[in-house]
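Quick notes on the structure that follows.
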2 protein chains.
Amino acid sequence: MSNQVREIPHPAAEEIELAAVLRMCGEPVRLEMVRTLAAAGGELKSGQLTGAVGLPTSTCSYHLRLLREAGVTRTRAAGTERYISLRRDDLDRRFPGLLEILVRG
Amino acid sequence: MSNQVREIPHPAAEEIELAAVLRMCGEPVRLEMVRTLAAAGGELKSGQLTGAVGLPTSTCSYHLRLLREAGVTRTRAAGTERYISLRRDDLDRRFPGLLEILVRG
DNA sequence: ACAGTAGTTCGAAGAACTTGGAACTTCTCA
DNA sequence: TGAGAAGTTCCAAGTTCTTCGAACTACTGT
């Protein structure tokens with residue numbers, strides 16, 4: 001049927017706030033998600049992240065929404081799946097060096 | 001009377017955890033404290049930070065304790081006053097570049 | 001259309017956090 | 001020794017966060 005493109009909301013790069021990014025990455029589950037994404041080097045399916053952190057899908061969905069709303073990740077819908085990636089370029093432009101620190105930890 | 005030196009507990013440099021630092025600095029009041037300290041370039045009295053953020057002393061004492069316990073700040077007692085400073089060296093060694101990012105924000 | 005799959009949203013419970021007044025501890029100075 | 005100053009601790013209240021099952025939406029293949 002008609003492909004009603006469900007737009008997933010993301011903040012613009014300029015709208016990404018440092019305190020929000022810090023707050024989001026200060027939570028162990030989310031920091032692990034960020035590191036898993038960094039290690040993957042690109043997109044990961046939501047399910048792969050869910051598997052990586054070992055929590056129910058509803059909980060992971062919650063954390064992934066927070067990461068997306070803070071501008072840390074980008075979520076792309078493809079069919080029933082969601083492809084998650086780090087917003088490397090935006091984060092590097094906005095807060096140079098931060099992502100590397102988060103990942104090296 | 002006898003000078004019973006009340007040791008203020010600080011984590012060792014190696015014990016400073018990234019997630020804890022992020023969580024602490026993700027809170028607006030505390031991030032402002034960190035920035036005020038960075039702008040000062042050295043020690044500030046607790047009262048100066050209290051004045052800077054405009055909150056009751058009990059609330060500031062709470063936030064300053066969290067920052068200290070996370071290893072972000074060092075607190076030195078002198079008489080009835082407390083001198084607060086950023087743990088620049090320890091943070092730079094542990095997470096190079098992070099402090100600069102927090103301050104530039 | 002149906003069943004199955006992937007993920008989201010809702011609702012509730014419990015945990016953790018933030019705030020601020022009151023009481024308390026320490027130190028200083030006269 | 002006593003008053004005052006600077007902070008801390010205690011406690012309660014309100015808020016926000018985290019978790020997770022249940023119900024729901026959206027898409028896919030048959």
Side-chain angles (χ1 to χ4, degrees), chain A residues 1-10 17 19-34 37 43-70 72-85, chain B residues 1-10 17 19-34 37 43-70 72-85:
Chain A
M1 268 295 152
S2 68
N3 224 352
Q4 89 179 40
V5 180
R6 198 155 300 291
E7 264 320 314
I8 300 173
H10 290 82
E17 283 175 37
V21 174
L22 299 176
R23 194 164 50 251
M24 290 308 106
C25 296
E27 210 281 326
V29 172
R30 291 190 294 262
L31 184 55
E32 184 173 351
M33 284 175 159
V34 168
L37 283 167
E43 288 183 327
L44 280 183
K45 292 184 196 172
S46 174
Q48 295 179 278
L49 285 166
T50 299
V53 304
L55 288 173
T57 63
S58 61
T59 301
C60 291
S61 180
Y62 162 73
H63 285 300
L64 288 174
R65 178 172 61 80
L66 293 186
L67 285 172
R68 171 170 49 76
E69 289 175 349
V72 178
T73 57
R74 182 158 322 263
T75 299
R76 178 173 70 84
T80 65
E81 298 179 331
R82 302 289 180 275
Y83 287 86
I84 320 290
S85 56
Chain B
M1 267 291 155
S2 67
N3 223 354
Q4 84 180 45
V5 179
R6 201 153 299 290
E7 262 322 312
I8 299 174
H10 291 82
E17 283 175 38
V21 173
L22 298 176
R23 193 163 54 251
M24 291 307 107
C25 296
E27 211 281 328
V29 172
R30 291 190 293 262
L31 184 55
E32 185 173 350
M33 284 175 159
V34 168
L37 282 167
E43 288 183 328
L44 280 183
K45 291 183 197 173
S46 174
Q48 296 179 277
L49 285 166
T50 299
V53 303
L55 288 173
T57 62
S58 61
T59 301
C60 291
S61 181
Y62 162 74
H63 285 299
L64 288 174
R65 177 171 61 80
L66 293 187
L67 285 172
R68 171 170 48 77
E69 289 175 349
V72 178
T73 58
R74 173 137 359 239
T75 299
R76 178 173 71 81
T80 65
E81 297 178 331
R82 302 290 180 274
Y83 287 85
I84 321 289
S85 57

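What's counted below: heavy atoms across the whole structure, side chains too, no hydrogens, waters or symmetry copies. Worth saying up front: this structure is predicted, and the values here are computed from it rather than measured. Convention: sequence-line order gives letters A, B, ...; per-chain numbering from 1.
Regarding B:Glu81, its CD atom lies at a distance of 10 Å from the C1' atom of D:dG7, rounded to whole Å. Computed from coordinates, the B:Gln48 CD to D:dA5 P distance equals 18 Å when rounded to whole Å. In this entry the distance linking CZ of A:Arg76 with P of C:dG7 reads 12 Å, nearest Å. Here C:dG7 presents its P atom at 17 Å from CZ of A:Arg65, a figure rounded to the nearest Å. Between B:Leu44 atom CG and D:dG7 atom C1' the separation is 16 Å, expressed in whole Å. Note: CG (B:Leu31) to P (C:dT18) measures 13 Å, nearest angstrom. Protein atom CZ of B:Arg23 is 13 Å distant from nucleotide atom C1' of D:dT18, rounded to whole Å. One interatomic measurement links the two molecules: CD of A:Glu69 to P of D:dT18, which rounds to 13 Å at whole-angstrom precision.
Across all strands, B:Leu55 comes closer than 4.0 Å only to sugar-phosphate atoms, never to a base (heavy-atom distances). Within 4.0 Å (heavy atoms only), A:Leu66 reaches sugar-phosphate atoms of the nucleic acid but no base atom.
For C:dC17, the OP1/OP2 oxygens have no side-chain nitrogen or oxygen of B:His63 closer than 4.0 Å. A close approach under 4.0 Å does not occur between any side-chain nitrogen or oxygen of B:Arg82 and OP1 or OP2 of C:dT26. B:Thr59 has a side-chain polar atom (N or O) that falls below the 4.0 Å cut-off from OP1 or OP2 of C:dG20.
Applying the 3.5 Å distance criterion, the base of D:dG7 shares no donor-acceptor pair with the side chain of B:Ser61. The base of C:dG7 does not come close enough to the side chain of A:Ser46 for any donor and acceptor atom to sit less than 3.5 Å apart.
Taking every side-chain heavy atom of A:Tyr62 into account, D:dC17 is the closest of D:dC17, C:dT8, C:dT18.
The shortest distance between side-chain heavy atoms of A:Arg76 and A:Arg82 does not fall below 4.5 Å.
Put simply, CG on B:Leu67 and OG1 on B:Thr75 are 8.5 Å apart, with the number rounded to the nearest 0.5 Å.
Each of A:Met24 and A:Thr57 was assigned the nucleotide of DNA chain D with the nearest heavy atom; the assignment lying further toward the 5' end belongs to A:Met24. Take the nearest nucleotide of DNA chain D for A:Gly79 and for A:Glu27: the residue whose nucleotide is more 5' is A:Glu27. Each of B:Thr80 and A:Arg68 was matched to the nucleotide of DNA chain C holding its nearest heavy atom; the match closer to the 5' end belongs to A:Arg68.
Here the closest heavy-atom approach between residue A:Leu64 and residue A:Thr73 is recorded as O-OG1, 4.2 Å. For A:Pro9 against A:Arg68, the heavy-atom pair with the smallest separation is O-NH1, 3.0 Å.
By the side-chain hydrogen bond (donor to acceptor under 3.5 Å, both in side chains) test, B:Arg23 is found to be paired with no residue, residues two or more places apart in sequence or in another chain being considered.
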